[in-house]
Amino acid sequence: MPVTHMSRLFGRTLREAPADADSANHQLLLRSGLIVQLAAGVYSFLPPAWRTLLKIEQIIREEMEAAGSQELRMPAIQPRELWEESGRADSYGPVLFNLKDRRDRTMVLAPTHEESVTDLFRKIVQSYRDLPQSVFQMQTKFRDEPRPRGGLVRVREFIMKDAYTFDVDDDAFQLNYNAMRQAYYNIFERCGVSVVAVQADSGAIGGKQSEEFIFLTEIGEDNIVLCPSCGYAANQERAEFARGEGSGVEGDLEQVETPGVATIAGLAEFLGVPEQATAKAAFFLVDGEPTFAVIRGDLEVNELKLLNALDATEVRPLLPEEVEQAGWVAGYASPIGVDASRVVADPSVVDAGGLIAGANQVDSHLRNVTYGRDWSAATVADIGMAQSGDPCAQCGAALDMRRGIELGHIFKLGTRYTDPMEATFLDADGDRITPIMGCYGIGVERLMAAVVQSNHDDHGIIWPRSVAPFDVHIVPLGAGDEVAAAVANVESELSGSGLNVVTDDRNERAGVKFNDADLLGAPLRITIGARGLKQGQIELKLRRDSEASSVPLDGAITAAHEALASLSS
RNA sequence: CGGAGCGUGGCGCAGUUUGGUAGCGCACUUGACUGGGGGUCAAGAGGUCGCCGGUUCAAAUCCGGCCGCUCCGACCA
């Protein structure tokens with residue numbers, strides 16, 4: 001292994017973090033001189049960062065291969081027609097970086113590769129004998145994100161490991177899926193980041209089921225619902241929860257004057273009832289159709305669930321004038337009399353008995369509004385947003401809510417791509433079969449950010465050995481020949497035995513060198529100073545420990561290896 | 001795209017309210033002293049104050065437009 005010298009290292013450490021950096025990992029990556037921003041969501045990776053990324057990639061590669069996947073490489077530049085074939089040109093639309101070639105043909109920079117790999121599949125695979133298949137690549141993806149954020153967490157150009165499997169049927173698919181799932185756990189553990197697998201929505205990728213691998217951290221951008229009792233875990237965007245006891249009552253419809261009471265909280269207070277005794281109406285435009293959603297007053301509508309319940313693709317809240325056009329009265333809306341085909345009801349109002357709802361006229365509500373008797377909905381579905389404290393759907397315990405970063409996502413795609421793109425094979429009976437597909441992604445730089453976020457202290461990064469850019473950081477102190485000779489000896493012995501070594505050969509004060517060593521975060525620091533050498537000693541210090549220990553120069557190499565071996569990863 | 005904020009030397013900031021020829025800390029260069037947790041002293045280099053236009057005798061400062069970046073939301077593997 002080559003030895004890196006700090007005097008030559010391309011990059012510089014900063015005493016103060018740039019003001020734009022918010023999270024610990026972003027600040028440390030900048031301060032340690034590992035990354036430099038070029039534009040919003042676009043970063044350069046300087047030599048130590050690139051080394052870490054290569055190490056992460058190698059871990060991923062090993063685990064993917066162990067799971068039976070083969071590495072390949074697909075193009076980043078793709079004709080737009082490919083995306084029209086799968087039907088994603090529009091649905092993925094705004095995120096696609098578009099460009100024109102010199103013949104005026106529209107190309108896109110690939111944000112992901114389901115289309116390309118399906119195209120490859122149909123050109124290559126003809127027979128059930130060729131299945132199963134599993135391939136992966138690590139490649140730069142381009143997404144024109146509406147809002148890049150959080151340093152490396154959400155960027156516009158990034159390396160993704162993406163894997164794809166093709167199987168003859170669901171059972172065979174499950175084997176590939178399980179292997180990938182296990183590989184994911186292995187990868188994150190080896191990188192020193194703990195994750196939790198949660199049920200998720202498959203979003204623009206499509207398909208039937210998906211699981212995200214979430215690094216729980218307060219700086220995360222996803223809300224994760226966890227059951228402390230039974231282990232249920234899901235992204236809030238699809239988390240299920242029990243509705244608990246409603247406060248509905250039996251009785252005849254009865255109008256009640258509620259002047260100026262246009263909110264659920266106000267209504268509950270005005271009438272002296274809990275919010276659970278009310279029904280809330282929320283209005284959305286779903287695929288162009290005004291939609292009347294009804295849910296118990298204490299709950300919120302989850303727009304993504306609403307979308308899925310209606311098998312739709314676009315949703316947004318209705319504008320006030322659109323509500324009026326639809327004939328609904330905001331603040332006092334009633335599901336009674338509304339065309340049932342436009343109503344979606346959450347189970348919380350269906351099973352609740354009589355609730356207080358709007359009367360569809362200003363300053364007036366109705367008591368004892370009962371589903372089935374007074375109104376009905378064409379669609380009854382779970383459209384509720386799970387919140388912290390809601391009862392778990394499985395065991396009833398109070399759910400926790402945590403923030404998290406999505407490091408990986410694995411999907412069962414079914415025939416979402418193989419069907420429209422006509423990728424098929426012949427089975428043993430000569431029948432044409434559409435294969436079951438899976439895809440499996442990991443954000444590589446995002447994973448590095450997570451490693452830093454979960455492995456640092458006030459002084460800097462504490463790299464896990466497995467992904468550290470340097471194993472050993474040598475700090476020479478003093479200019480004498482003795483020091484120089486000892487340093488030269490130690491660094492060549494260590495690098496000769498396969499370790500990545502960085503030596504701080506700059507003419508800096510001890511404090512500067514120690515601080516930069518802490519910042520850069522190599523697992524082991526070796527201090528070689530004139531003072532110690534007088535006693536024939538040098539100092540070893542693990543980055544994670546606070547105390548250094550002196551060892552004889554003679555046994556330094558062995559001691560260094562032993563110190564590194566004492567680290568779990 | 002809606003809301004908020006910020007653009008002054010490599011980094012962090014002051015100066016903008018009340019226009020008058022740009023300053024501080026760190027970093028950088030040179031020298032001396034110093035030398036085991038970001039040292040001291042001295043002397044330096046580095047900025048058309050994001051861009052364009054306007055007002056004015058005079059604009060970092062006031063006005064208009066644009067661009068960039070960050071945060072919240074929408075959206076999003």
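Throughout, a chain's letter reflects where its sequence line sits, starting with A, and its residues are numbered from 1. All values derive from a computational prediction rather than experimental measurement. Heavy-atom basis, side chains included; hydrogens, waters and symmetry copies ignored.
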Just how far, in rounded Å, is P of B/rG12 from CD of A/Q27? 11 Å
B/rG2 P sits how many Å from A/R147 CZ, rounded? 14 Å
Less than 6.0 Å separating the ring centroids of A/F213 and A/Y185? yes
d(CD, A/Q37; C1', B/rU70) in whole Å: 9 Å
I want to confirm an ordering. Mapping A/R12 and A/G151 to their closest nucleotides on RNA chain B, which one lands closer to the 5' end? A/R12
For A/A17, report the nucleic acid contact type (base, sugar-phosphate, nothing); a contact means any heavy atom under 4.0 Å. sugar-phosphate
Under 4.0 Å between any heavy atoms, over every strand shown, what does A/P476 touch: base, sugar-phosphate, or nothing? Just pick one. nothing
Which pairs, with at least one residue in residues 6-23 of chain A and sequence neighbours excluded, count as a salt bridge (Lys or Arg N to Asp or Glu O under 4.0 Å)? none
Does A/R316 reach a base, just sugar-phosphate, or nothing at all? Heavy atoms under 4.0 Å. nothing
Nucleotide-resolved protein contact map, nucleotides 32-43 of chain B, B/S/- at heavy-atom distance under 4.0 Å: --BBBBBB----
Donor-acceptor side-chain pairing of A/T112 and A/E114 below 3.5 angstrom: yes
Base, sugar-phosphate or nothing for A/E303? Non-hydrogen atoms, less than 4.0 Å. sugar-phosphate
Mate of B/rG64 where both pairing distances stay under 3.5 Å, Watson-Crick or G-U: B/rC52
Hey, does A/A39 reach any base, or is it just sugar-phosphate, or nothing, if we go heavy atoms under 4.0 Å? sugar-phosphate
